[in-house]
Amino acid sequence: MGFVMLKTKRALITGVTGQDGSLLSSFLLEKGHEVHGLRLYSDVNNTDRIVKILDRDRFHLHYADLTDGGNICRLLSEIQPDEIYNLAAQSHVKVSFEVPEHTADVNGLGVLRILEAIRTLNMTDKVRFYQASSSEMFGSSAPPQNEDTPFHPCSPYGAAKLYAYWITRTYRESYGLHASNGILFNHESPVRGEEFVTRKITRAVAAIEAGMQDILQIGNLDSRRDWGHARDYVEGMWLMLQQDKPDDYVLAAGEAHSVRDFVTAAFTCMGVMLTWQGHGLKEKGIDQRTGRILVAVDPQFFRPNEVNVLRGDARKAHEKLGWKPRVSFAALVQEMLDADRAVLRGMETDDGFLLAAE
Ligand code: NDP
Ligand code: GDR
C-alpha cells in the first residue's frame, strides 16, 4: 500500500502584524501550513504580536504596503501561495474620518491591487482569496444583520470596505476566482489594538486597580456591538477557504452589548460594582462602595457619525461551515482583563498575549 504525500499548503497573510494576522498565523502554523506574512515597513517595532513565531521555520516575513501594486505583484509571483488572507487595513473607524483618502487607498484599492495581481499572473485557478470585510458595511441598517441585509456604511472606513467587498465578488463572478468575503463583527482578544474600545477599557481598569490611573475617559457609552473572541473568528476565515465553492459569510456572536455593559463587566471582574449617574456628556460611572468617580465621558472620543447597533446573524456560517463562536462575552472580558493585569505585574513575558494565540 503506497503513502499519499500531502503537499504543505502555502498561505500569504497581509496585515500579519495585526491582531488577526498574528492569531491566524499561529492557527495556520498549527495546521501545518507554510505562512508568508506581509508586514508594513516601520522604523518602530511592529512585530510584538508575532515575536513568538518569528523563528518558526515555516514562517516568513516580507515587506509590503497595499498602496504599492508592483511590489504586491512581485511577491505573489515569488511566493505562489495557495491561500491569500487579506487582513491589512487602516482599521480604525474614527481615524478614517481624518484620513479618508488613505483609508480608501489601502482598504479599497489595496484589495483591487491584490486581485489584479492574481489575474495578471494567471493565478486565478490556483489560489483562494479571503477578504476581511466588516459589519461596519451594514452601518445604519437595522439589526440583526446577515448576508442579505442592505449595506449602509456610515464612515469612510465602511465605504472603503464596501468597495472591497464588491470588487472581491466581481472578481469571483467575472473570472471564477475562489474569493470569499468574511463579514466579521467586532472580535477582540488580549492582543487587540489599544485604541479600540474593549482593550482601552481593560487596560484602564487594570491600571486603575494597580493605582496607576485615576479615571477612564470614554466616548459613546450607548453604542452597542456584537463582540466575540478573535481566536474563534480566524478559524472561520480558514473554514471559508476550505469550502468547494467561494461565498460570503457573516461571523458574529449574535448578542449586542453596550460600551457601558463592557465597562461594567470589566469593573465587576475586579470586584468593583459601578453605579451610573447622569446622562450624555455628564454621565459618570461611580464606585458604589467608595463613591469615587471611575468613568467619565469625553467628547473627543465621539465620531462625526456613529453606528448605533451591530448584532449579527451568523446562521449561514453555522449551517454551511459548521462554525460557532466558543467564547462568551463574560469570558472574553475576563480574559482580556486578566491579560492586562498580568502585563502590569510584569508577568507577560513567558505566558503573555501570544499564549492566547497558541
Ligand atoms: P489591525 O489594525 O490589528 O491590523 C491591521 C494590519 O494591517 C496591521 O498589521 C497593519 O500594520 C497593517 N496595515 C495597515 N496599513 C497597511 C498598508 N498600507 N499596507 C499593508 N499593511 C497595512 O486589525 P485587525 O487585525 O483587528 O483586523 C484585521 C482585518 O479585519 C482588517 O482589515 C480590519 O479592517 C478587518 N476587520 C476587523 C474586525 C475586528 O473586529 N478586529 C472586524 C471586521 C473586519 P501595522 O501594524 O504596522 O500598522
Ligand atoms: P469599531 O471599534 O469602530 O466598531 O471598529 P471600536 O472599538 O473603535 O469602537 C466600538 C464602539 O465603541 C465606541 N466608543 C469608543 N471607541 C473607541 N475606539 N474609543 C473610545 O474611547 C470609545 N468610546 C466609545 C465607538 O464610538 C464605537 O461605537 C472595529 C474595528 O476593528 C474595525 O476595523 C472593524 O471593521 C469593526 O470593529 C467591525
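Note that ligands are numbered from 1 as they come in the structure, with each ligand's atoms numbered from 1 the same way. For this chain, numbers begin at 1 and follow the sequence in order. Bear in mind the structure is a predicted one, so any value in this text is a computation, not a measurement.
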Exercise. Would a 4.5 Å heavy-atom cut-off, applied to side chains only, mark Glu136 and Val307 as touching?
Worked result: yes
Problem set entry | Per-atom contacts of ligand 1 with Asn186, taking only distances under 4.0 Å to non-hydrogen atoms | 40 (O)
Seminar exercise, completed: re atom 42 (C) of ligand 1, the protein heavy-atom contact at minimum distance is His187 CE1, 3.3 Å
Exercise. Can you tell me the protein heavy atom closest to atom 1 (P) of ligand 1 and the distance?
Worked result: Ser91 OG, 3.7 Å
Exercise. Any N or O on Gly18 sitting closer than 3.5 Å to an N or O of ligand 1?
Worked result: yes
Need the list: ligand 2 N/O atoms against protein N/O atoms, distance under 3.5 Å, rounded to one decimal.
{"residue": "ligand 2", "atom": "3 (O)", "partner": "Arg303", "partner atom": "NH1", "Å": "2.6"}
{"residue": "ligand 2", "atom": "3 (O)", "partner": "Arg303", "partner atom": "NH2", "Å": "3.3"}
{"residue": "ligand 2", "atom": "4 (O)", "partner": "Asn186", "partner atom": "ND2", "Å": "2.9"}
{"residue": "ligand 2", "atom": "4 (O)", "partner": "Arg225", "partner atom": "NE", "Å": "3.0"}
{"residue": "ligand 2", "atom": "7 (O)", "partner": "Val197", "partner atom": "N", "Å": "2.8"}
{"residue": "ligand 2", "atom": "8 (O)", "partner": "Arg303", "partner atom": "NH2", "Å": "2.8"}
{"residue": "ligand 2", "atom": "9 (O)", "partner": "Arg303", "partner atom": "NH2", "Å": "3.3"}
{"residue": "ligand 2", "atom": "18 (N)", "partner": "Glu195", "partner atom": "O", "Å": "2.9"}
{"residue": "ligand 2", "atom": "21 (O)", "partner": "Lys200", "partner atom": "NZ", "Å": "2.7"}
{"residue": "ligand 2", "atom": "23 (N)", "partner": "Gly219", "partner atom": "N", "Å": "2.9"}
{"residue": "ligand 2", "atom": "26 (O)", "partner": "Arg303", "partner atom": "NE", "Å": "3.4"}
{"residue": "ligand 2", "atom": "26 (O)", "partner": "Glu306", "partner atom": "OE2", "Å": "2.5"}
{"residue": "ligand 2", "atom": "28 (O)", "partner": "Ser223", "partner atom": "OG", "Å": "2.5"}
{"residue": "ligand 2", "atom": "28 (O)", "partner": "Arg225", "partner atom": "NH2", "Å": "3.1"}
{"residue": "ligand 2", "atom": "28 (O)", "partner": "Glu306", "partner atom": "OE1", "Å": "3.0"}
{"residue": "ligand 2", "atom": "28 (O)", "partner": "Glu306", "partner atom": "OE2", "Å": "3.0"}
{"residue": "ligand 2", "atom": "31 (O)", "partner": "Arg192", "partner atom": "NH1", "Å": "3.2"}
{"residue": "ligand 2", "atom": "31 (O)", "partner": "Arg192", "partner atom": "NH2", "Å": "2.9"}
{"residue": "ligand 2", "atom": "33 (O)", "partner": "Ser91", "partner atom": "O", "Å": "2.7"}
{"residue": "ligand 2", "atom": "33 (O)", "partner": "Tyr157", "partner atom": "OH", "Å": "2.8"}
{"residue": "ligand 2", "atom": "35 (O)", "partner": "Ser134", "partner atom": "OG", "Å": "2.6"}
{"residue": "ligand 2", "atom": "35 (O)", "partner": "Tyr157", "partner atom": "OH", "Å": "2.5"}
{"residue": "ligand 2", "atom": "37 (O)", "partner": "Asn186", "partner atom": "ND2", "Å": "3.1"}

Problem set entry | Ser155 vs Asn305 side-chain heavy atoms within contact, under 4.5 Å | no
Exercise. Name the one of Asp20, Thr17, Val16, Leu61 that satisfies side-chain contact (heavy atoms from CB on, under 4.5 Å) with Ser25?
Worked result: Val16
Exercise. Quick one: nearest non-hydrogen protein atom to atom 16 (C) of ligand 1, plus distance?
Worked result: Leu40 CD2, 3.6 Å
For this session: For ligand 1, find out whether one of its N or O atoms is nearer than 3.5 Å to an N or O atom of Asp20.
Result: yes
Exercise. Which residue, Arg128, Lys7, Arg10, Lys9, forms the salt bridge (charged side-chain N to carboxylate O under 4.0 Å, His left out) with Asp82?
Worked result: Lys7
Exercise. For Ser135, is the nearest heavy atom under 4.0 Å from an atom of ligand 1?
Worked result: no
Exercise. Please state which protein non-hydrogen atom is closest to atom 28 (C) of ligand 1 and give its distance, to 0.1 Å?
Worked result: Leu87 O, 3.4 Å
Exercise. Which of these, Met237, Arg225, Arg192, has its nearest heavy atom closest to atom 41 (N) of ligand 1?
Worked result: Arg192
Exercise. Is it true that Arg260 and Glu283 make a salt bridge, defined as a side-chain N closer than 4.0 Å to a carboxylate O?
Worked result: yes
Exercise. Does Ala64 have a non-hydrogen atom less than 4.0 Å from ligand 1?
Worked result: yes
Exercise. Is there a nitrogen or oxygen of Tyr157 sitting under 3.5 Å from a nitrogen or oxygen of ligand 1?
Worked result: yes
Problem set entry | Ring centre gap for His36 and His62 strictly below 6.0 Å | yes
Exercise. Can we call the ring centroids of Tyr249 and Trp323 under 6.0 Å apart?
Worked result: no
For this session: Hey, can you tell me if Phe151 and Phe138 have their rings parallel, tilted or perpendicular (30° and 60° cut-offs)?
Result: parallel
For this session: Establish whether Val111 and Ile84 are linked, either directly or via other cluster members, by ILVMFWY side-chain heavy-atom contacts under 4.5 Å.
Result: yes
Seminar exercise, completed: In this structure, atom 9 (O) of ligand 1 is nearest to the protein heavy atom Thr17 OG1, 2.7 Å
Exercise. Which heavy-atom pair separates Arg172 from Ala179 by the least distance, and what is that distance?
Worked result: NH1-O, 2.9 Å
For this session: Decide whether Gln300 and Asp298 meet the rule of one side-chain donor and one side-chain acceptor closer than 3.5 Å.
Result: yes
For this session: Ignoring angles and geometry beyond distance, decide whether Gly21 reaches within less than 3.5 Å of ligand 1 through its nitrogen or oxygen atoms.
Result: no
For this session: Return the residue, atom name and 0.1 Å-rounded distance of the protein heavy atom closest to atom 19 (N) of ligand 1.
Result: Leu66 N, 2.9 Å
Seminar exercise, completed: Value for CG (Leu162) from CG (Asn107), rounded to nearest 0.5 Å, stands at 12.0 Å
Problem set entry | From the candidates Gly15, Ser134, Ala89, Ala132, the one that places a heavy atom nearest atom 13 (N) of ligand 1 | Ala89
For this session: Please determine if Asp65 has a nitrogen or oxygen closer than 3.5 Å to a nitrogen or oxygen of ligand 1.
Result: yes
Exercise. What atoms in ligand 1 come closer than 4.0 Å to a heavy atom of Leu184?
Worked result: 42 (C), 43 (C)
Exercise. Any side-chain heavy atom of Trp276 within less than 4.5 Å of one from Thr264?
Worked result: yes
For this session: Answer yes or no: is there an ion pair linking Asp247 with Arg169, defined by an N-O contact shorter than 4.0 Å?
Result: no
Exercise. Side chain, backbone, both or neither: which part of Lys161 has a heavy atom under 4.0 Å from ligand 1?
Worked result: side chain
Exercise. Going by the order shown, which atoms of ligand 1 are within less than 4.0 Å of some heavy atom of Ala88?
Worked result: 7 (O), 20 (C), 21 (N), 22 (C), 32 (O)
Exercise. More than 12 foreign heavy atoms under 6.0 Å from NE2 of His60: is that the case here?
Worked result: yes
Problem set entry | ligand 1 atoms in contact with Asn46 (distance to a heavy atom under 4.0 Å) | 47 (O)
Exercise. Relative to each other, are the rings of Phe329 and Phe262 parallel, tilted or perpendicular (30° and 60° limits)?
Worked result: perpendicular
Exercise. Tell me, which protein residue and heavy-atom name are nearest atom 44 (C) of ligand 1, and how many Å apart are they?
Worked result: Ser133 O, 3.5 Å
Exercise. Closest non-hydrogen protein atom to atom 3 (O) of ligand 1, residue and atom name please, with distance?
Worked result: Gln19 N, 3.0 Å
